[in-house]
Amino acid sequence: MEASNAAVADTLTLFGQLLEITGKDGFKIRAYYRAAEEISRLSRDVADMTLEELNAIPGIGKGLAEKIQSIVATGTHPELEALKAEVPPGLIEMLNLEGVGPKTVHTLWMKAGITSIDDMEKAARNRRIRAIRGFGEKKEQEFLQSITRYRNQATRMNRAEAEAVVARVSAALTPGTFEVAGSFRRGRSTVGDIDIVSREPPAQVNTRLRGVADEMIDEGERRTSVRLGAHRVDIRFTPPRQFGSMLLYLTGSKEFNIRLREIAIAKGLRLNEYGLEDRKAGGLREFPDEESIFAFLGMDRVPPEIREDRGEIALAQAHRLPMLVMPGDIRGDLHVHTADTDGNLTLPQLAQAGAARGYRYLLVSDHSASLGITHGLDPERIAAQGREIEQVNRTSPCRLLHGIEVDILADGTLSLPVPVLADLDLVVASVHSAFRQEKDVMTRRILSAMASDHVDIIGHPTGRLLGSRESSLLDIDRIIDAARDTGTALEINASPLRMDLDDAPIRQARDAGVMLAIGTDAHTAGELDHMKYGVILARRGWCAPEHLLNTRDAEPLLEWAR
Ligand code: DGT
Ligand code: CA
Ligand code: CA
Ligand code: ZN
């Protein structure tokens with residue numbers, strides 16, 4: 001329902017953008033953007049509306065209303081198709097670059113003959129952009145940065161994509177004979193390529209890989225690289241007696257490996273993929289598993305998630321590594337949506353899904369009513385939801401806590417009145433609009449929300465969407481100080497598209513004594529399982545159970561909120 005409104009709005013936006021790129025009449029263009037905005041705000045399904053009803057929407061005349069009906073019915077309109085045919089396809093891709101809108105694309109096309117991101121990069125490197133009227137040297141640099149960011153986003157995988165690639169390649173391997181290494185094993189929020197260590201003989205594995213890979217990039221006895229979709233997988237082969245050192249080496253990080261080699265050197269040893277060599281006497285000591293290498297070096301085994309040379313090595317030597325949270329420590333999920341707004345589970349179904357995962361509670365935190373949010377809850381519907389939650393809780397082994405994800409508006413105020421918030425079990429407050437505010441404005445906006453007595457958790461604090469939206473500009477030091485001073489928790493949003501906060505600020509918050517709260521932001525039952533990504537991320541931020549709100553049972557959790 002919501003998707004079709006969003007799709008129609010996107011098509012209208014593209015219509016306007018193409019008019020602008022081709023240099024058509026300005027008045028007409030604004031009408032398309034305005035119509036797109038009206039439609040994305042509509043609480044009704046545009047597909048159910050008559051021509052007259054569409055025409056009655058402010059800013060939508062008869063001509064546009066007809067185009068909208070055509071888009072609803074066919075996904076496009078003949079005029080739009082004609083415009084697309086007029087424009088080199090590379091120009092539309094250029095719109096994905098941050099800071100590049102249709103007006104810029106029009107100028108670059110007309111004044112410099114640029115028709116793709118590659119063209120644009122070449123022009124910027126050859127200093128041809130600064131020669132165009134209205135663009136300077138600064139703009140040229142910004143373009144290059146946007147291009148780099150766009151390419152990185154386009155190639156790095158999120159955790160869910162990486163898991164799918166691992167699952168596909170695993171079909172060519174034998175369970176128990178391999179381990180995924182690299183950034184995937186370290187639990188990074190995004191993964192460049194997949195690294196696998198296999199102790200199975202290469203010939204057999206290579207034969208099977210040919211069956212699952214889209215391309216054999218490089219095939220060998222020591223190492224094979226394949227392409228699956230847009231992604232690369234490196235497989236390193238090792239005899240079982242050297243599996244430990246190969247896995248350690250390929251897990252990294254590079255910085256961690258370097259520090260570990262220094263420790264070995266201090267003991268007169270050389271550490272490499274094959275084992276530990278005695279630098280004087282020669283001779284290679286081999287290790288079938290990682291534990292035995294760490295033990296030999298006089299250290300505790302460092303969990304892969306914290307192998308980043310951020311202080312963990314000294315602690316491993318002193319046998320004082322931090323205890324890290326584990327999936328089994330999690331008692332509930334602190335950010336869940338339902339069919340009352342844009343989720344697809346009813347409250348009873350949600351309670352059942354929580355019980356099936358062994359949870360003690362789930363925090364129902366639907367969107368509050370405000371501009372730009374479809375079906376957001378107003379105070380009356382929140383009260384009704386509360387009554388239904390009470391009903392469900394009579395029989396459910398998994399308790400539904402009643403919360404809200406209240407909007408932090410552009411001026412820092414909340415989109416619901418205080419008495420409504422005061423009645424809820426827990427309040428998550430998040431930014432869902434005006435993401436591009438200046439750093440100081442955005443920081444103060446979140447500080448104002450934290451200053452409210454009723455806000456317990458700041459949801460997805462940076463607002464980033466991996467691969468499509470950069471983090472908001474934020475003074476994270478001030479946010480963390482204020483979170484500590486006001487006793488507000490910061491969210492670890494476990495959606496693989498968000499992973500927000502990321503590892504470094506989690507660690508910083510933890511060290512400052514700020515509570516963290518893992519929430520999946522689930523809209524379906526399946527998405528509740530994204531909790532695993534949140535746990536990995538919390539581990540990367542050095543969190544023990546005591547640093548996380550949702551390792552507590554419901555009563556201590558509610559006690560904290562009070
Ligand atoms: P990614 O793929 O960009 O997400 O990051 P990683 O960490 O998976 O990096 P990748 O795939 O280039 O290399 C896999 C592991 O191999 C890396 O984590 C550590 C090890 N490694 C790679 N290059 C070097 C190096 O120059 N020196 C050392 N000591 N280790 C390296
Ligand atoms: Ca990698
Ligand atoms: Ca690699
Ligand atoms: Zn949200």
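Start at 1 and go down the list; that is how both ligands and their atoms are numbered.
The pair D234-R236 does not count as a salt bridge, with every side-chain nitrogen at least 4.0 angstrom from each carboxylate oxygen.
L334 is not listed as a side-chain neighbour of I518, based on a closest heavy-atom distance of 4.5 Å or more.
Near ligand 1, heavy-atom contacts under 4.0 Å come from R156, G182, S183, R186, V191, G192, D193, D195, Y249, L250, T251, G252, K254, N257, R261.
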Distance-only criterion, 3.5 Å: show the donor-acceptor pairs between side-chain atoms of residues 263-273 and protein atoms not counting sequence neighbours.
residue, atom, partner, partner atom, Å
N272, OD1, Y274, N, 2.9
N272, OD1, G275, N, 3.1
N272, ND2, E277, OE2, 3.3

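Side-chain contact, N493 with D521: a donor N or O sits under 3.5 Å from an acceptor N or O. Side chain to side chain, S368 and D407 fail the donor-acceptor criterion of an N or O pair below 3.5 Å. In summary, the side chains of T251 and R185 do present a donor paired with an acceptor at a separation below 3.5 Å, with no hydrogens or angles considered. Side-chain contact annotation: T224 with N206, donor-acceptor N/O pair under 3.5 Å present. Between the side chains of T148 and Q145, no donor-acceptor pair is found at a separation under 3.5 Å. A side-chain donor-acceptor contact under 3.5 Å links T190 and R156.
For the Zn ion (ligand 4), protein N/O/S neighbours under 2.8 Å (waters excluded) are E405 OE2, H432 NE2, H460 NE2. Atoms of the protein (N, O or S only) found under 3.0 Å from the Ca ion (ligand 2) are D193 O, D193 OD1, D195 OD2.
Judged by the 6.0 Å and 45° rule, R464 forms no cation-pi pair with F435.
In this structure, the side chain of S472 does not engage the main chain of L474 through any donor-acceptor pair within 3.5 Å.
Close placement of the H432 and H460 rings is indicated, their centers lying within 6.0 Å of each other.
For the pairing with I194, the side chain to side chain contact (heavy atoms under 4.5 Å, CB included) check across R232, H231, M157 returns one residue only, M157.
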